[in-house]
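Worksheet: the structure to be examined is printed underneath.
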There are 2 protein chains.
Amino acid sequence: MGEPRRRIPEATVARLPLYYRALLDTAEREIATVSSERLAELAGVNAAKVRKDLSYLGSYGTRGVGYDVEYLLHEISRELGLTRDWPVAIVGVGNLGRALANYRGFGARGFRVVALIDADPDVVGTTVGELVVEPLAELDRIVAEREIVIGILATPATVAQDVTDQLVDAGVTSILNFAPALVTVPEGVSLRKVDLAIELQILSFYQLRRAFSGPGGLAPERRKSVL
Amino acid sequence: MGEPRRRIPEATVARLPLYYRALLDTAEREIATVSSERLAELAGVNAAKVRKDLSYLGSYGTRGVGYDVEYLLHEISRELGLTRDWPVAIVGVGNLGRALANYRGFGARGFRVVALIDADPDVVGTTVGELVVEPLAELDRIVAEREIVIGILATPATVAQDVTDQLVDAGVTSILNFAPALVTVPEGVSLRKVDLAIELQILSFYQLRRAFSGPGGLAPERRKSVL
DNA sequence: CCGACTTTGAGAATCTGGTCACAAGCGACC
DNA sequence: GGTCGCTTGTGACCAGATTCTCAAAGTCGG
């Protein structure tokens, strides 16, 4: 049953979680409606963008009033698939993997870490939180049994591609890659990357520019003014 | 002495670290030159983009031959400021902060973590790696004495803005925010954001779309084909 | 029920980035 | 030294995203 949904631009999809969070905060304060202006402020974007983004989801606002917080929250979470339960596996239980496993904020909204997997026999069998680390060899069975579709890759760079291939073979169709390495996946599998070193290097670039051109130099990435 | 550098597009800056890493790998294998084609493959982009990006830095290639690996490596690292030493402070020593502190790959290229800072008296005084966690109250002194310009924010969301303000007041001009919260900084300060929950939500969106429209559905983010 | 006021939704214009295509430049080989 | 093949660098074009603007649609007070 493919509702004939309009195509939502990538850039918009990337901002929906921002609105979602802003709306959660607003709902918590028991505020019933928000204007695009206010929502923009909370999400750190501008009002026109908020309106355009939300208009891709449908006409959920009321002119002269704004958006109903609860309703919009519901629509966005449906669109983002947060009404479902997404079992997640973390592969690679080093420093980062462990930190991610303990991270609250996943569990909060549908993302449940249901497996920790590592190749190192010394790590397998250890407990992190409520989970026991399982061996990579069991990956296929684990993914199938627990219906895992999202994998978080926190291995060293050297084995990143190899582990990715195994994840894909096992049936995982969304991968979040924390390993500092290029990883490719077949068509039909989503891949996103988070790279600490790259982020720092980008900051370094703009830092350097500022140092050269003096205060108030060239535009850095995502500059924001204080309110 | 502001060399009249051409303006480099944001998107290009964000890719320079990719090229940098690819070139490092190439240099390690003692390969002297790379074509844009090969570099593109290693960085996961297309060749035209590589050439255009590199052309913003200057004409460092040789037609008919390609780019000299060592030379290009040098130019990119200079452009990114990786020839300098950037002392970094991590504020917030919870799970994530600790993992980041232990993360190799920062230290590697100019980014040295020289301070771990937390507000919790129970955490202050503990040791992580070779560093002792210091109190938030000392921030000003620490930043000044160690000439810290980059701050990594790994606090809970609730105090993110407050800690950011303190970092900025202390003189930090680049901030990498891991806290799941909107943070604003004054003009002249760079801010980048890494948000685990948001990345998962974006994956969830495309996952859902695929589930609806069957395999081979709508275009997911950053899809890549296997080679 | 009307008029003033607010705020959305969306078309048009603009900006930024990505892709294409090819002339220019360089090395190699004869 | 001339010719051939390869690869860069860039101008022209195209696509996607952002911003601007304003008519349309609603609320609210009287």
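Side-chain atoms are counted along with the backbone in the values below, which use heavy atoms only and exclude waters and symmetry mates. Chain identifiers are assigned alphabetically (A, B, ...) following the order of the sequence lines, protein sequences preceding nucleic acid strands; residue numbering begins at 1 within each chain. Keep in mind that what you see is a predicted model, and the values were worked out from it rather than measured.
Taking every side-chain heavy atom of S35(B) into account, dT8(D) is the closest of dT10(D), dC20(D), dT8(D). Out of dT18(D), dC26(C), dT8(D), the shortest distance to the side chain of K52(A) is found at dT18(D). Of the candidate nucleotides dT27(D), dG18(C), dT10(D), dT10(D) has the atom lying nearest to any side-chain atom of S59(B). With distances taken from any side-chain atom of V65(B) to the nucleotides dC20(D), dT27(D), dG27(C), the minimum falls on dG27(C).
Under a 3.5 Å cut-off, the side chain of R210(B) and the backbone N or O of T173(A) do form a donor-acceptor pair. For S204(A) (side chain) and L200(A) (main-chain N/O), no donor-acceptor pair under 3.5 Å exists by modelled atom type.
Atom pair L72(A):CG and dT7(C):C1' shows a separation of 15 Å (rounding to whole Å applied). Atom CD of E37(A) is separated from atom P of dC20(D) by 12 Å (rounded to the nearest Å). For L39(A) and dT7(C), the CG to C1' distance is 13 Å, given to the nearest whole Å. Between I8(B) atom CD1 and dT16(C) atom C1' the separation is 16 Å, expressed in whole Å. Atom CD of E10(B) and atom P of dT16(C) are 10 Å apart (whole Å).
Within the nucleic acid shown, Y56(A) has no heavy atom closer than 4.0 Å to any nucleic acid atom. Within the 4.0 angstrom heavy-atom criterion, no nucleotide atom of any strand lies near R38(B).
At the phosphate of dT19(C), OP1 or OP2 sits under 4.0 Å from a side-chain N or O atom of N46(B). Regarding contacts with the backbone of dT8(D), a side-chain N or O of S36(B) is found under 4.0 angstrom from either OP1 or OP2.
There is no side-chain donor-acceptor pair under 3.5 Å between T26(A) and R38(A).
Not a single donor-acceptor pair, N or O on each side, falls under 3.5 Å between the base of dT19(C) and the side chain of K49(B). Put simply, the side chain of R63(B) and the base of dT7(D) share no donor and acceptor less than 3.5 Å apart.
A heavy-atom distance below 4.5 Å is not found between the side chains of T62(B) and D68(B).
Comparing Y67(A) and R51(B) by the nucleotide of DNA chain C whose heavy atom lies nearest to each, the residue mapping closer to the 5' end is Y67(A).
The two residues T184(B) and Q161(B) make their nearest non-hydrogen contact at N-OE1, 2.9 Å.
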